[in-house]
Each structure stands twice: as structure tokens, then as C-alpha cells.
Amino acid sequence: EVQLVESGGGLVQPGGSLRLSCAASGFTFSIAWINWVRQAPGKGLEWVGRSNRKTDGETVQYGEPAKGRFTISRDDSKNTVYLQMNSLQTDETAVYYCAAYYYDDSGLRGFWGQGTLVTVSS
Amino acid sequence: IVLTQSPGTLSLSPGEGATLSCRASQNFGSTYLAWYQQKPGQAPRFLIYDTSSRATGIPDRFSGSGSGTEFTLSISRLEPEDFAVYYCHYYGSSPFTFGQGTKLEIK
């Protein structure tokens with residue numbers, strides 16, 4: 001059974017930093033693209049960034065709000081992806097989800113974690 | 001690429017068919033467009049990828065179509081569990097984007 005478990009959320013002051021983790025199990029982690037997506041309370045989905053596979057050069061892509069402040073990294077030996085967030089602002093209060101995608105014989109598979117809440121407030 | 005979904009809210013009855021639209025600000029062919037379903041308090045559920053391919057385990061009453069800048073998610077014979085918010089998602093070239101969502105509610 002595929003599982004994605006986000007952790008590391010909580011309360012942080014404006015201007016502060018937080019590191020989220022996404023621990024995966026139930027599939028071959030190294031062949032998956034891992035995305036971070038956030039959702040502010042009562043709002044829609046916003047793409048944060050994506051960690052690409054080793055076969056894609058293990059590159060990382062970021063959405064505009066994340067550029068220069070957020071860093072995504074992965075550790076295939078631990079089946080874990082990280083999201084380091086710096087200089088957080090109050091409007092970045094949201095549930096942060098990780099989502100994994102990979103191909104198998106059935107086609108493209110996509111799985112999401114249950115999310116971790118980040119609250120930016122003084 | 002900006003994705004604009006319409007309508008914002010769609011009110012229908014179980015058993016009816018639903019058509020949800022997603023318009024892109026640029027033509028990107030027929031690959032890299034996905035659809036998600038989200039219910040309150042839950043993570044999004046992966047429904048459709050590459051415009052028209054159903055993800056594993058998704059009922060065949062869900063279908064996707066379109067190309068260029070116009071995309072559609074169709075749901076035939078609505079079941080009570082289908083009432084939710086639906087998002088389209090572009091995942092071609094970075095930055096990837098989501099539409100603002102269409103809420104499908106029970107009439």
C-alpha cells in the first residue's frame with residue numbers, strides 16, 4: 001500500500017523558517033516525481049515545486065512563490081523528500097501536501113499525503 | 001500558463017451528467033493536463049492525466065477530453081459521492097499550475 005506522510009508543520013512567526021518532510025512507502029521511491037502543493041484555508045491548490053528523479057538529473061523545479069526562499073531536496077536512501085521554507089509570510093498559512101507520481105504497467109500513478117498544516121502567525 | 005475553470009459552481013442532481021470546463025491561456029497540445037477531485041477535509045484524488053487517461057481505480061463514468069486550450073471533464077450518471085470540488089492541473093513546463101476549481105453541488 002502506497003503511503004505518503006508529511007510532517008514538520010506547526011506554528012511559525014512571520015519571517016521564520018520551517019522544514020517539512022514527506023516520508024514515502026509502498027513503491028519504488030527513486031522512480032517517482034515528488035511534488036509539494038499547498039492549500040490556504042478555504043482556497044484552491046497552489047503548486048510549490050517538484051523534485052525530479054535521478055534519471056531526470058535529480059533536478060528541482062519551483063513555483064513563483066517558492067523561488068529564492070524554498071528548497072526542495074530528496075534522500076532516496078530514506079525515501080524522503082524535504083521542503084525547507086524560509087522567510088515565511090502570513091499568507092503562506094496552508095496545508096502543505098506532498099504528491100508522488102510514477103509509471104507502472106497501469107500507467108501513471110498518483111498519490112497524495114494527508115498534508116501538514118503550517119500556520120504563520122505572530 | 002493560467003487555467004480558468006467554469007462554471008464556479010455547478011448544481012445538479014444524482015443521475016444527471018456533468019460537464020466541467022478548463023481553459024488554458026496558451027496552447028499546449030493534449031498532454032500534461034490532469035484532473036483532481038477533492039472532498040472537504042481530504043487530500044485531492046488523482047482522476048485523469050494526459051487529458052483523457054483515467055488513473056487506476058477511477059470509474060469509467062469519469063472521462064476527460066480536449067486539446068489546445070479547451071479541456072473538459074465529463075461525469076456521466078452522477079453518484080452522491082461525486083459531489084466535490086474539481087481542479088484541472090497543467091504539469092508540462094514549469095511553473096505548473098492549477099485552475100481555481102469547480103464546486104459540484106447537489107441540487
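This is a predicted model, so every value here is computed, not measured. Below, chain A is the first sequence line, B the second, and so on; all start at residue 1.
In the hydrophobic cluster analysis, where Ile, Leu, Val, Met, Phe, Trp and Tyr join through side-chain heavy atoms closer than 4.5 angstrom, A:Leu4 is grouped apart from A:Val37. Connection of B:Leu10 to B:Ile106 is established within a shared hydrophobic cluster, with ILVMFWY side chains joined at heavy-atom distances below 4.5 Å, either directly or through further cluster members. Each of A:Val48 and B:Leu3 belongs to its own hydrophobic cluster when Ile, Leu, Val, Met, Phe, Trp and Tyr are linked at side-chain heavy-atom distances under 4.5 angstrom. Put simply, B:Leu47 and A:Tyr103 are part of the same group of oily side chains (I, L, V, M, F, W, Y) that touch within less than 4.5 Å, one to the next. The hydrophobic clustering, which links ILVMFWY residues whose side-chain heavy atoms are closer than 4.5 Å, places A:Trp36 and B:Phe96 apart.
Near-neighbour residues of residues 68-98 of chain A relative to chain B, defined by a heavy atom under 4.5 Å from a heavy atom of that chain, comprise A:Tyr97. Of all residues in residues 104-122 of chain A, those placing a non-hydrogen atom less than 4.5 angstrom from a non-hydrogen atom of chain B are A:Ser106, A:Gly107, A:Leu108, A:Arg109, A:Gly110, A:Trp112, A:Gly113, A:Gln114. Listed in order of number, the residues of residues 7-15 of chain A that approach chain B to under 4.5 Å between heavy atoms amount to none. When the heavy atoms of residues 50-69 of chain B are compared with those of chain A, the residues falling under 4.5 Å are B:Asp50, B:Thr56, listed by number.
Minimum heavy-atom separation, B:Pro95 to A:Trp47: CA-CZ3, 3.6 Å. The heavy-atom pair separating A:Lys43 from B:Tyr87 by the smallest distance is O-OH, 3.8 Å.
Neither the backbone nor the side chain of A:Lys67 comes within contact range of chain B; no heavy atoms are under 4.5 Å apart. The contact between A:Glu46 and chain B is made entirely by backbone atoms, counting heavy-atom distances below 4.5 Å. Only the side chain of B:Tyr49 comes within less than 4.5 Å of a heavy atom of chain A; its backbone N, CA, C and O stay farther away.
Ranking B:Gly41, B:Ala43, B:Gly101 against chain A, the residue ahead of the rest is B:Ala43, based on heavy-atom pairs under 4.5 Å.
Heavy atoms of other residues, nucleotides or ligands lying less than 6.0 angstrom from OH of B:Tyr32 number 12 at most. Counted within 6.0 Å of NZ on B:Lys39, heavy atoms from surrounding residues, nucleotides or ligands total more than 12; the atom is thus considered enclosed.
Checked against a 6.0 Å centroid threshold, the rings of A:Tyr101 and B:Tyr91 do not count as neighbours.
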### Derivation of the side-chain contact (heavy atoms from CB on, under 4.5 Å) call for B:Gln38 and A:Leu45
CA-CA 10 Å; B:Gln38 188 178 33; A:Leu45 303 172; 4.2 Å; yes
